[in-house]
2 protein chains.
Amino acid sequence: MAVTIELLKRFSMLSALPDSTLEQLAQQSTLKNVSRRAVVVNGGAVSENLCFLFEGRLQGVDFTLDGREVGLYFIEPGDFCGELGLFDQQGQPESVIALSKSQVIFMPASAVRSALQSSHQLVESLFTRMATRVRKLSAQRALLGLSSTVARVCGQLWMMLEEQDPNNRKDGVIANPPTHQELGIMLNLSRETVTRVFQTLQAEAIVKRDGTTRLLILNEQGLKGLFEAGDS
Amino acid sequence: MAVTIELLKRFSMLSALPDSTLEQLAQQSTLKNVSRRAVVVNGGAVSENLCFLFEGRLQGVDFTLDGREVGLYFIEPGDFCGELGLFDQQGQPESVIALSKSQVIFMPASAVRSALQSSHQLVESLFTRMATRVRKLSAQRALLGLSSTVARVCGQLWMMLEEQDPNNRKDGVIANPPTHQELGIMLNLSRETVTRVFQTLQAEAIVKRDGTTRLLILNEQGLKGLFEAGDS
DNA sequence: TGTTATGTGTGATTGCAATCACTTCTGTTT
DNA sequence: AAACAGAAGTGATTGCAATCACACATAACA
C-alpha cells in the first residue's frame, strides 16, 4: 500500500521535514496491515527498516536465558522502532510483535540515513527521540522496583495513559489495551496476579473495560494515588 | 585539572575526531577527581555537561515513588553519561553517583553540540553509542526477568566482566566492584540476598574477592553456566 | 449458529526472599 | 595503635505471589 507525504507528517519526528525529503521517504516506504501476534521486527537480526506505527499496538519482547518472556516496551501510534542498527549494522535482541491488528509503515534504513545526511534537524529529532526512549526505558525499569503488585500495575497503566494521543488522554481511554499476560511480562508478574489487581481496580471503579479495544480510566487520581502509594 | 587531546582520545567515541576538534573540546573540559558517593549528575536537573569516566565506577540511580533506590546502569571507564539533554534541554530522572574514587571529565554540552554540527562522523558515533546504551538497558532489564537469584547475580557479574577493558577482561578481573547493596538495587534484591549468593559463589570457587578494588572471576564457564541455567 | 481458541477468573498450596536484628570483618580516620 | 564507619555475614520469621489446575466468558472462525 502506498505511503503519502500526509501520512508521514502524522509522525512528529518527520513532520518538520521538507516535502521533497518526505516525498523521497514516502516513495521508498510501504504501509502494511499486520495481524495480532505478527512479528514486526525479528529479534537478533539486523533490521533493514524502521517501523512506524500508524494504528494498533506493538510490544518489544525478549526472552531470558531460562526461557521466560520479558516485555521491554510498548509502542503507541505515532512512534516507531527498528532504529538501533542505523549506523552500526547490529540488530536488537528483542522481537517486536503486534499486540492487536496494526498498520505499520516500513521505511528502509538506507533512506533514513540519506535523509539524515542532508537534514541536521532530522538528526536532532532522531537523537531527541532516542533520549526520550532511554528515559522511558528507565521509567519502565523503575516500575519493577516497586514491591507492591498494585502499584506496579497502576504505574504501568498510568504510563500507558500518558502516552495516548490527546483525545484518548483527555477522555481517560487506553486504546488497544494489552492482555493481562502481555502486561504481566512487562512487570514480572504472572497473568493471574495481574487479573487479581484488575479485579480490585474494577471493584473500586478505578478502571473499566470497554470491550477489548478500550480500557477506561474512570478515576485518574485514584489510579495515580495507588501508583504513588507504593507499598500500601 | 587540564584536559589534553591524548586524554580525550582514550574515549572511543572521540578518538576519530580531528585534532582541531579535540583541541577545542579539551580546552573547554575539566578533569575532576570525585570521591566515593559523590553525585556526578543531579537527577531531574538539566545537565550542562557530558561526563566521561576516565577511572573508577559510576552508577545511575533513581528512586521509586515508594522511596526505594533503583539502580539503572553502571558506567565503566571509557564510557560517559549526561548526553540525554543534548538537544531537548530536558534532564534525566536518575542521579549518577560515583561508587568509588573516580576521575571524570566534564565536557560542556554546548561544545559537543558545536562539534556535532561540523562532524557527521561524530553524529554517527554518538547515535551508535546511544543504540548500544539502549541495548544494554534492555539486557539489564532482562536480568530482572530471571526468577533465580543466583542466575540474576551471575548475569550481572557476567555483564560487568564483558564490559571491562581488554586486560581485565582477559584476566577475569572486575575492577572496582560495587558493594552488595549497590548490586542489590540493580537486581531488585536485598543486600542480604546478594551476600548469600556471593557466599555460594565463593564456596564453589567461582569468584574470589581480591581486596576491595578487584573481584576475580576464577571460573568464567561456571559463572556463565549459572547465569544461563536460569531456574536451577 | 455452532465450534474452537483465547482470555479472564478462581482457589489452594507452597516456597522463597524480604525483613529484622544482630554479629563479625575490613578499611579508614584520628 | 585504637576507634570508628562501612561492608559483609548470619539466623529466624513471615507474607506474598508463583504455580497449578480448573472453570467461565468472550471473541474468532467455519
Side-chain angles (χ1 to χ4, degrees), chain A residues 35-38 57 59 64 66-71 97-101 143-153 157 176-203 207-215 230-232, chain B residues 35-38 57 59 64 66-71 97-101 143-153 157 176-203 207-215 230-232:
Chain A
S35 56
R36 179 175 167 69
R37 290 270 183 271
R57 175 178 290 279
Q59 186 180 33
T64 65
D66 60 0
R68 293 167 174 268
E69 258 191 323
V70 170
I97 295 171
L99 297 191
S100 59
K101 283 172 60 182
L143 283 188
L144 300 177
L146 293 165
S147 54
S148 152
T149 55
V150 171
R152 228 184 282 182
V153 173
L157 295 178
N176 294 305
T179 66
H180 295 177
Q181 170 69 21
E182 288 157 356
L183 282 169
I185 65 175
M186 298 292 293
L187 300 170
N188 286 350
L189 296 173
S190 69
R191 62 128 193 112
E192 291 93 337
T193 301
V194 175
T195 297
R196 299 190 223 272
V197 172
F198 265 82
Q199 290 289 294
T200 301
L201 298 179
Q202 288 174 91
V207 306
K208 183 185 178 209
R209 199 172 301 126
D210 187 20
T212 50
T213 56
R214 285 154 48 97
L215 179 65
D231 280 318
S232 316
Chain B
S35 55
R36 177 173 166 72
R37 292 271 180 266
R57 175 178 292 277
Q59 184 180 35
T64 65
D66 60 0
R68 289 168 176 269
E69 259 191 322
V70 171
I97 294 170
L99 297 190
S100 58
K101 282 174 57 181
L143 282 188
L144 299 177
L146 293 165
S147 53
S148 153
T149 55
V150 171
R152 227 183 285 181
V153 173
L157 295 179
N176 294 308
T179 67
H180 295 177
Q181 172 69 23
E182 288 156 356
L183 282 167
I185 64 174
M186 297 292 290
L187 300 169
N188 285 351
L189 297 173
S190 71
R191 60 130 195 113
E192 291 95 336
T193 301
V194 175
T195 296
R196 297 191 224 270
V197 172
F198 264 82
Q199 291 289 295
T200 300
L201 298 179
Q202 289 173 89
V207 306
K208 184 187 178 207
R209 198 171 304 123
D210 187 21
T212 51
T213 58
R214 285 154 46 99
L215 179 66
D231 278 321
S232 314

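Below, chains carry the letters A, B, ... as their sequence lines are ordered, and counting in each starts from 1. Computed from a predicted model, the values in this text were never measured in an experiment.
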- [ ] Could you tell me the separation between the CG atom of N176(B) and the C1' atom of dG27(C), rounded to a whole number of Å?
- [x] 15 Å

Open item on the list: Tell me the interatomic distance from L144(B), atom CG, to dA17(C), atom C1', rounded to whole angstroms.
Closed with: 15 Å

Task: Position toward the 5' end of DNA chain D (nearest nucleotide), G211(A) or N188(A) - done: N188(A)

- [ ] Give the rounded distance in Å between these two atoms: CZ of R196(B) and P of dT19(C).
- [x] 12 Å

Task: Qualifying residue for side chain to side chain contact (heavy atoms under 4.5 Å, CB included) with L183(B), from T195(B), V194(B), V197(B) - done: V194(B)

Task: side-chain hydrogen bond (donor to acceptor under 3.5 Å, both in side chains) against S100(B), all qualifying residues, sequence neighbours excluded - done: none

Open item on the list: Closer than 3.5 angstrom, by distance alone: can the side chain of S35(B) be matched with the main-chain N or O of A38(B) as a donor-acceptor pair?
Closed with: no

Are there any protein N/O atoms within less than 3.5 Å of an N/O atom in nucleotides 6-8 of chain C, and if so, which ones and at what distance?
residue : atom : partner : partner atom : Å
dG7(C)  : OP1  : R36(A)  : NH2          : 2.4
dG7(C)  : OP1  : R37(A)  : NH2          : 3.1
dT8(C)  : OP2  : H180(A) : N            : 3.0

TODO: Please state how far atom CZ in F198(A) lies from atom C1' in dA25(D), giving the value in whole angstrom units.
DONE: 17 Å

TODO: Output yes when a side-chain donor or acceptor of R191(A) lies under 3.5 Å from a complementary backbone atom of H180(A), and no otherwise.
DONE: no

Task: Length of the line joining E192(A):CD and dC24(D):P, which is rounded to integer Å - done: 17 Å

TODO: Look up atom CG in N188(A) and atom OG1 in T64(A), then write down how far apart they are to the nearest 0.5 Å.
DONE: 9.5 Å

- [ ] Taking the side chain as every heavy atom from C-beta outward, state whether Q59(A) and I185(A) have any pair of such atoms under 4.5 Å apart.
- [x] yes

Open item on the list: What is the separation between atom CG on D210(B) and atom C1' on dG27(C), rounded to the nearest whole Å?
Closed with: 15 Å

Open item on the list: Measure CG/L99(B) against P/dA7(D) and give the value in whole Å, please.
Closed with: 10 Å

- [ ] May I ask you to say what S190(B) touches in the nucleic acid, namely base, sugar-phosphate or nothing, with a heavy-atom cut-off under 4.0 Å?
- [x] base

Open item on the list: I want to check something: taking the side chain as every heavy atom from C-beta on, are L99(A) and N176(A) in contact at a cut-off of under 4.5 Å?
Closed with: no

Task: Nearest-Å distance for atom pair CG/P, residues L187(B) and dA17(C) - done: 13 Å

Task: Candidate nucleotides dA12(C), dT19(C), dA17(C), ranked by approach to the side chain of T149(B) - the nearest - done: dA17(C)

